[in-house]
Amino acid sequence: MSIMYSLEQQLSVMQLTGKDALVFINNQIINNFEHNSKQPHYSAICNPKGRIIFSLLMWQHDEIIFMAIDKSLSEEFKQYINMRRFRMDVKLTDANNYTPVVTDIDNDFVKDITLSASPDHKPLSSSNFWQIFFRSNLPWITKESSEQFIPQHLSLDQHQLIEYQKGCYPGQEIIARLHFIGRNKKQLALIQLNQQDNYKNGGQVTINDIKGQLCSPAIEIDNQLTAQIVKNIAVKPDLKD
């Protein structure tokens, strides 16, 4: 018998309603959220400089769009949405009747995170929460890492999670410029850390002569500190005639 584990210690779930909800959220996120999407949808919202403010997990049930964001950013997310509604028919509220859950923690992938209407679930540990994203090679933005990274530096382009042709959204010009005329020199990687050092999510680090910036807390896995790091990657020089 499978057991559901609650992620409510890590995630806040909110619901977006109103006839303009789908149009509104698609004007904010880096990819397209389809109407009545059956699987949880991973996306992000950036600032005008193309740096990710929020990671999002999204679901739609009937006419309600549910969004999970990191609990440390819940108030900032509410302020962000409410400042941009203008005259659109959009309302954001807490989804108090729903809990984000994962059923099978032996196969930790983001697609396994769902919503449950039942409040009684065993809490998922912080270590297992981060392993969901480690094993999926996806970032999860917290207050410490907010507005630190552009999507390509977190390898979201490798997951086809950036839409370059859609209408304007915050940071699109910077993100598209890097894709079409720039050269990405950074990527997300999972790396083992020195047990003796003190690491902070979002902080600069040098590991085995590799310089980078942490994009997760340091989590102990099998007695080894592990974290996601945004590191520089070798770029081949242009060929000369």
Side-chain angles (χ1 to χ4, degrees), residues 3-12 40 42-46 51-57 68-74 76-77 99-114 121-159 161 184-235:
I3 300 174
M4 287 187 176
Y5 294 85
S6 168
L7 283 69
E8 62 182 348
Q9 293 182 349
Q10 296 91 5
L11 302 178
S12 293
Y42 182 100
S43 193
I45 294 176
C46 297
R51 295 180 180 271
I52 298 178
I53 311 174
F54 311 104
S55 292
L56 295 175
L57 291 175
I69 54 96
D70 196 80
K71 192 172 285 289
S72 67
L73 287 166
S74 59
E76 287 86 347
F77 185 73
T99 302
V101 297
V102 61
T103 301
D104 184 1
I105 64 172
D106 291 326
N107 295 286
D108 293 326
F109 294 99
V110 170
K111 65 182 178 62
D112 293 325
I113 298 176
T114 58
H121 302 297
K122 183 178 179 178
L124 188 70
S125 69
S126 177
S127 175
N128 278 326
F129 172 78
W130 282 103
Q131 286 185 66
I132 293 173
F133 295 93
F134 288 1
R135 295 181 184 181
S136 300
N137 194 34
L138 285 170
W140 186 254
I141 298 298
T142 69
K143 195 166 188 175
E144 291 78 14
S145 56
S146 181
E147 301 190 74
Q148 298 288 317
F149 309 102
I150 66 173
Q152 289 99 322
H153 291 172
L154 298 180
S155 302
L156 295 186
D157 52 338
Q158 297 178 20
H159 294 275
L161 288 171
N184 183 22
K185 299 180 181 180
K186 297 182 179 181
Q187 69 178 15
L188 190 69
L190 197 63
I191 194 165
Q192 293 185 339
L193 305 173
N194 189 324
Q195 292 275 13
Q196 305 304 316
D197 293 337
N198 186 22
Y199 300 98
K200 180 181 178 182
N201 190 2
Q204 301 289 334
V205 292
T206 300
I207 308 294
N208 298 328
D209 297 325
I210 299 174
K211 293 184 178 181
Q213 185 175 2
L214 288 180
C215 188
S216 78
I219 299 299
E220 188 164 308
I221 302 174
D222 297 329
N223 298 316
Q224 175 64 58
L225 277 184
T226 305
Q228 287 173 322
I229 186 175
V230 176
K231 66 174 185 177
N232 292 331
I233 55 177
V235 178

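Positions are given from 1, in the same order as the sequence printed here.
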- Message: Considering only residues two or more places apart or on different chains, which pairs with a residue in residues 137-146 satisfy salt bridge (charged side-chain N to carboxylate O under 4.0 Å, His left out)?
- Response: Glu76-Lys143
- Task: State, yes or no, whether a side-chain contact exists between Leu124 and Ile132 at a heavy-atom distance under 4.5 Å.
- Result: yes
- May I ask you to test the Asp70-Ser55 pair for a side-chain heavy-atom distance under 4.5 Å? no
- Task: For Ser155, check side-chain contact (heavy atoms from CB on, under 4.5 Å) against everything at least two apart and list the hits.
- Result: Gln158, Gln187, Leu188
- Task: Look at the side chain of Gln213 and the backbone N and O of Gly202, then say whether any donor-acceptor pair between them is shorter than 3.5 Å.
- Result: yes
- With a 4.5 Å limit on heavy-atom distance, are the side chains of Gln9 and Phe129 in contact? no
- Query: Is any side-chain heavy atom of Val102 less than 4.5 Å from a side-chain heavy atom of Tyr5?
  - Reply: yes
- Message: Please evaluate residues Gln10 and Trp140 with respect to the criterion side chain to side chain contact (heavy atoms under 4.5 Å, CB included), reporting the C-alpha separation (whole Å), side-chain torsions for both, the decisive distance (0.1 Å), and the verdict.
- Response: CA-CA 11 Å; Gln10 296 91 5; Trp140 186 254; over 6 Å; no
- Message: I'd like to know whether Val205 forms a side chain to side chain contact (heavy atoms under 4.5 Å, CB included) with Ile191, so could you lay out the CA-CA distance, the side-chain angles of the two residues, the decisive distance to 0.1 Å, and finally the verdict.
- Response: CA-CA 11 Å; Val205 292; Ile191 194 165; over 6 Å; no
- Can you find a heavy atom in the side chain of Thr114 that is under 4.5 Å from one in the side chain of Pro40? no
- Query: Do the side chains of Leu156 and Pro139 get nearer than 4.5 Å, heavy atoms only?
  - Reply: yes
- Query: What are the two closest non-hydrogen atoms of Trp130 and Cys215, and how far apart are they?
  - Reply: CZ3-O, 4.5 Å
- Message: Tell me the closest heavy-atom pair linking Gln204 and Gly212, and the distance in Å.
- Response: OE1-O, 3.2 Å
- What heavy-atom pair brings Phe54 and Ile141 nearest, and what distance separates the two atoms? C-CB, 4.4 Å
- Side-chain heavy-atom pair Tyr42, Leu57 within 4.5 angstrom cut-off: yes
Table please: side-chain donor-acceptor pairs of residues 218-231 below 3.5 Å, with sequence neighbours left out.
unit_1 : atom_1 : unit_2 : atom_2 : d
Gln224 : NE2    : Leu193 : O      : 2.9
Thr226 : OG1    : Gln224 : O      : 3.3
Gln228 : NE2    : Leu138 : O      : 2.9

- Query: So, the side chain of Thr206 versus the backbone of Lys211: is there a donor-acceptor pair under 3.5 Å, distance only?
  - Reply: no
